[in-house]
Amino acid sequence: MDIKTTLGNAIEEAARLAIADGVFPEGEMAKVSLEVPPKKEFGDFSTNFAMQSAKVFHMNPRKIAEELAGRIKGDWLERTEIAGPGFLNFYLKSNVLYDSFRKIFEAGEAYGQLPAKDTARIQVEYVSANPTGLLHVGHGRGAAAGSALVNLLRAAGYPVVSEYYINDAGNQMDHLAMSVNARYLELLGKTVQFPEDGYRGADIIDTAKRIIKRDGDKYLAMDETERLSIFKDLAYQEKLAALKEDLEAFHVTFDEWFSERTLHPEAIREVVETLRESGNIYEEGGALWLKSTAYGDDKDRVVIRDNGVPTYLAADIAYHRNKFQRGFGKLINIWGADHHGYVCRVKAAMSALGYDASRLEVLLLQMVSLYRGGELVKMSKRTGESVTLNELMEEVGTDAARYFFLMRSLDSQLDFDLDLAKTQSNENPVYYIQYAHARICSIQRQVEEIGLGLSDSPRLELLTDETETDLIKKIEEYTEEVDRAAAEYAPQRIARYAYDISSLFHSFYNKCRIMGVERELAEARLALVSVAAHVIRHSLGILGVSAPEKM
RNA sequence: GCGGUUGUAGCUCAGCAGGAUAGAGCAACUGCCUCCUAAGCAGUAGGUCGGGCGUUCGAAUCGCCCCAAUCGCACCA
């Protein structure tokens with residue numbers, strides 16, 4: 001049992017004793033919550049239990065605290081103090097710190113991975129950009145957030161799989177084919193009118209060029225319908241391959257790639273039929289409408305257009321039903337904030353199908369605005385002026401880009417200053433973290449040369465400097481931080497943690513030396529920095545940021 | 001007009017399952033390399049937590065109203 005649980009139990013036990021002694025009234029007790037206080041002077045742990053109990057016990061919180069303090073016992077406890085309006089501050093015996101740190105040291109590489117949680121599988125769907133062009137920086141943020149969330153949930157012990165939904169069935173695929181077709185004809189000297197809804201990005205021209213390079217002008221002679229059909233397929237394959245490649249370069253991989261086409265027409269027809277049978281569909285103006293207002297939506301939504309073609313929503317309903325049918329207990333979708341209007345109707349559809357809509361969690365990622373030379377860079381697929389994820393990776397590097405995306409909360413808008421990120425100055429905190437890791441690796445290399453190595457049983461109690469105990473405490477908080485960050489779907493907490501632990505290491509590094517001190521102390525310090533390096537590596541791993549051994 | 005998100009130091013942002021004197025980086029200023037990587041450390045300065053009202057022993061954190069920014073409000077995806 002860890003010390004926090006032990007302490008929590010001791011507090012509850014003290015409260016029960018006080019009730020038995022007739023000091024506190026019988027009845028419900030407040031919940032005990034323990035936290036690491038904001039200041040070191042306030043001890044190792046503190047609780048607001050006395051204040052929370054003031055109302056239930058109808059007593060002065062400081063009086064409650066006094067009664068509790070006298071009843072909390074344990075050989076791990078140095079002393080208890082009452083402070084402020086009624087905080088109980090606990091100061092633990094120093095061996096508690098070293099005993100738990102020894103366990104972490106002995107766990108080695110396993111530290112940071114929490115035991116498997118016995119919960120239903122979670123699916124995380126993210127990016128899901130149309131295979132019609134290049135990924136831009138907005139997708140990059142989604143890719144970073146989604147992959148980090150998956151890593152985080154895994155570290156916290158949740159069973160989780162990731163999925164990419166390929167929108168390969170709608171109009172946009174026809175627009176893609178027409179765009180490639182137009183570029184193809186242009187490149188072969190024909191005069192064509194570029195399609196109004198076409199994609200004007202340079203990547204489309206590249207696709208056309210590649211087709212020409214490989215197959216020449218052999219498609220010219222074809223009937224346009226046939227040519228479009230071939231180009232649709234060729235362009236699709238190429239775009240999808242490019243997506244995968246770019247994502248992998250960005251440290252993003254998926255367990256599943258789900259094609260929307262597999263839902264057409266059968267799955268969609270089926271789900272619409274199911275909804276019709278349960279009375280959730282009606283016809284009006286030649287179209288089929290989902291009665292989503294019955295489930296909290298602002299208005300009803302068309303699922304089958306008057307021309308018989310299903311809407312995007314219809315496919316999405318079939319898709320999400322399919323997810324539930326695959327047995328996931330929780331569905332997490334990461335969508336751009338510009339899709340937020342969509343959340344309600346998809347949830348409404350799930351409710352209409354009889355699923356618990358709260359099992360579908362949509363995380364909305366706020367927009368990314370790019371600035372270059374102090375000017376806002378407009379992002380538009382159509383104009384082809386958007387900055388792609390690839391360009392971003394080239395300019396600032398994968399690690400810096402990922403960390404920038406992940407260091408702020410998902411629901412705050414992000415101003416990405418390209419010039420600033422490009423300078424690769426120390427303004428970029430990712431270097432600070434990586435530098436801490438590289439420094440430790442450097443020490444490990446040099447220590448090896450002078451015949452010093454990691455001991456099996458270092459004398460950890462020699463680590464008494466404040467920078468050492470601060471670092472130990474931070475390391476001991478890691479698993480709890482992982483657990484909480486996962487529960488909150490908040491990878492930015494890990495970004496923060498990685499920065500904080502690096503900062504504590506740098507302080508230690510400037511104050512304490514490893515080489516040139518007495519052997520036992522050197523071995524203890526080596527154990528400390530080795531664990532620190534592991535935790536930095538582990539947290540960077542969650543973020544999908546590399547941990548270099550040299551810089 | 002309706003809805004989502006945001007508003008915290010000069011700038012970029014953490015903190016928000018209510019708690020003790022609101023934190024970090026950058027920028028500014030002062031120190032620290034004969035010493036394991038100075039991409040570092042130590043320190044100084046900088047704030048009516050957008051505004052108001054409310055709930056509470058206690059509010060940056062919860063609720064309501066207002067202001068501002070932003071994204072949406074399709075038989076597009």
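Because the structure is predicted, anything quoted here is derived from the model rather than measured. The analysis underlying the following values was restricted to heavy atoms, covering all of them including side chains, and did not include hydrogens, waters or symmetry mates. Every chain is numbered from 1, with letters handed out A, B, ... down the list of sequences.
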Ring-on-base stacking B:A39 with A:Y432 (under 5.5 Å, under 30°): no
A:L364, nearest nucleotide to its side chain (from B:G25, B:G4, B:A39): B:G4
Nucleotide nearest A:R408 (side chain, heavy atoms from C-beta), chosen from B:C75, B:C36, B:U12: B:U12
Quiz item: A:D338 side-chain donor-acceptor pair to B:A77 base, under 3.5 Å: no
Opposite nucleotide pairing with B:C57, Watson-Crick or G-U, both atom distances under 3.5 Å: B:G19
Distance test, side-chain N/O of A:R445 to OP1/OP2 of B:C36, below 4.0 Å: no
Pi stacking test for A:H339 and B:A77: under 5.5 Å apart, planes under 30°: yes
Distance below 4.0 Å between A:R439 side-chain N/O and B:A38 OP1 or OP2: yes
Side-chain N,O (A:S412) to OP1/OP2 (B:A14) below 4.0 Å: yes
Phosphate OP1/OP2 of B:C32 contacted by A:K511 side-chain N/O (<4.0 Å): no
B:A24 base / A:R496 side chain donor-acceptor hit below 3.5 Å: no
B:A14 base / A:S409 side chain donor-acceptor hit below 3.5 Å: no
